[in-house]
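What follows is one structure encoded as structure tokens, with my remarks underneath.
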Amino acid sequence: MASVPQTKISSARQDLYRRMDKHNTAPLWEVLHGLIPDEPVTRCKPYLWKYKDMRPYITEAGKLITAKEAIRRVLVLENPGMRGESCITQSLYAGLQLILPGEIAPSHRHSQSALRFIVEGSGAYTAVDGERTMMAPGDFIITPSWTFHDHGNPGNEPVVWMDGLDIRIVELFAAQFHEVYPEEVQPVTRSEGAATARYGSGLAPLGAVAPFGKTSPIFNYPYARSRESLELLSRDQDADACHGWKMQFTNPLTGGHAMPTIAAFIQLLPAKFKSQPYRCTDGTIYSVVEGGGSVIIGNEKYAFEPRDTFVVPSWTPVKFEAAAETVLFSFSDRPGQEAMGLWREKRG
Ligand code: 1HN
């Protein structure tokens, strides 16, 4: 090769590429480094959506379109690095959904799994596979894959929640299915609290087959219980230097994550807590429940208060500074990464 002039080689290569290209074939050596970077690369950027900014848009959307006409009246939280792609990280979708008193959001089902984290208001319900559950702020609610679900607000105040869906993950596998229920509202076939009674008290019906497959049979994890667990945990255990007191929502039938594609967490940071830097490969979406302070994501510092949403991209160091006692809900694509042996974390 040394004897062949460089310009000749380079034009011969270009000529080879041109001929190969006609047969949908390309040289790996031109793209190898980009395909296998040394560390995680994502277009996902850090960002914080202030609820104070979002609330007027939510109110206005409520005046301009009904829940029924919109099917789902949601403001999509678009990652600034991926505008127009309806995602908050490269794998997950998030949005803020509004349902006004007297409204219903019609019943449908899809292979994408959804979570709801209630941000504001009470008195609305979501129905999953024949059972309704009332929503209250801080509740973590699951819509398992391929279960019919509709929402309604028989109460007297607007209810807003954050939706989290695994849309990009299901799209990656091209395993998307969607079906509309023949009526607007599905019939109620079990009493409210049935799922919690059957699976949420350390009991399970004898010989029960997991009603939602790989997803937890409990579909409402109420805030009152999560908050109490955090409080009791904090009484007799030191705060973790990176996470404060952090718990993951689990499937009582497996002990694993509550959803097969999305992990959900809740954590308590004591007042004046300054966390040690932490990074992990699951880009994570946070919703602030109580307290306030600031978060440093990579090189960006954001002040946060209750109902704000922020996103920490994969492998980006995060540091929390809690001014007051703070509770954060978060979710990520960790279950898939763990199942595939990909998940990594680094402290400090
Ligand atoms: C969906 O079905 C809901 O059921 C919310 O509330 C948000 C975003 C994309 C696709 C389906 C819901 C959604 C969604």
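We're numbering straight along the sequence, starting at 1. Keep in mind the model is a prediction, meaning the values are calculated, not measured. Atoms within a ligand are numbered from 1 in the order they appear, just like the ligands themselves.
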Give the intermediate values and the outcome of side-chain contact (heavy atoms from CB on, under 4.5 Å) for residues Lys319 and Lys301. CA-CA 9 Å; Lys319 267 191 303 186; Lys301 184 168 180 168; over 6 Å; no
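Distance check: Tyr51 OH to Arg307 CZ gives 6.0 Å after rounding to the nearest 0.5 Å.
Residue, atom and distance of the protein heavy atom nearest to atom 14 (C) of ligand 1 are Leu165 CD2, 3.9 Å. In terms of protein heavy-atom proximity, atom 1 (C) of ligand 1 is nearest to His110 NE2, 3.8 Å. In this structure, the protein non-hydrogen atom closest to atom 9 (C) of ligand 1 is Ile167 CD1, 3.5 Å.
Taking any N or O of Gln97, backbone or side chain, at least one lies under 3.5 Å from an N or O belonging to ligand 1. For ligand 1, the polar-atom distance check finds no N/O of Trp161 at less than 3.5 Å from any of the ligand's N/O atoms.
The side-chain contact (heavy atoms from CB on, under 4.5 Å) search around Leu206 returns none, not counting sequence neighbours.
The closest approach between a heavy atom of Thr143 and any atom of ligand 1 is not below 4.0 Å. At least one heavy atom of His108 sits under 4.0 Å from some atom of ligand 1.
Ring pair His110/His178 is parallel by interplanar angle, where below 30° counts as parallel and above 60° as perpendicular.
Screening Ile118, Ile285, Val74, Ile88 against Met162 for a side-chain contact (heavy atoms from CB on, under 4.5 Å) leaves a single residue, Ile285.
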Give every donor-acceptor pair under 3.5 Å between a side-chain atom in residues 340-348 and any protein atom, sequence neighbours left out.
unit_1: Trp343; atom_1: NE1; unit_2: Asp282; atom_2: OD1; d: 2.7
unit_1: Glu345; atom_1: OE1; unit_2: Tyr278; atom_2: OH; d: 2.6
unit_1: Arg347; atom_1: NH2; unit_2: Asp240; atom_2: OD1; d: 3.2
unit_1: Arg347; atom_1: NH2; unit_2: Asp240; atom_2: OD2; d: 2.7

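Using a 4.0 Å cut-off between a side-chain N of Lys or Arg and a carboxylate O of Asp or Glu, Glu305 and Lys50 do not qualify as a salt bridge.
For atom 4 (O) of ligand 1, the nearest non-hydrogen atom from the set Arg72, Arg73, Arg109 belongs to Arg72. Relative to atom 3 (C) of ligand 1, the option among Arg116, His151, Gln176, His178 with the closest non-hydrogen atom is Arg116.
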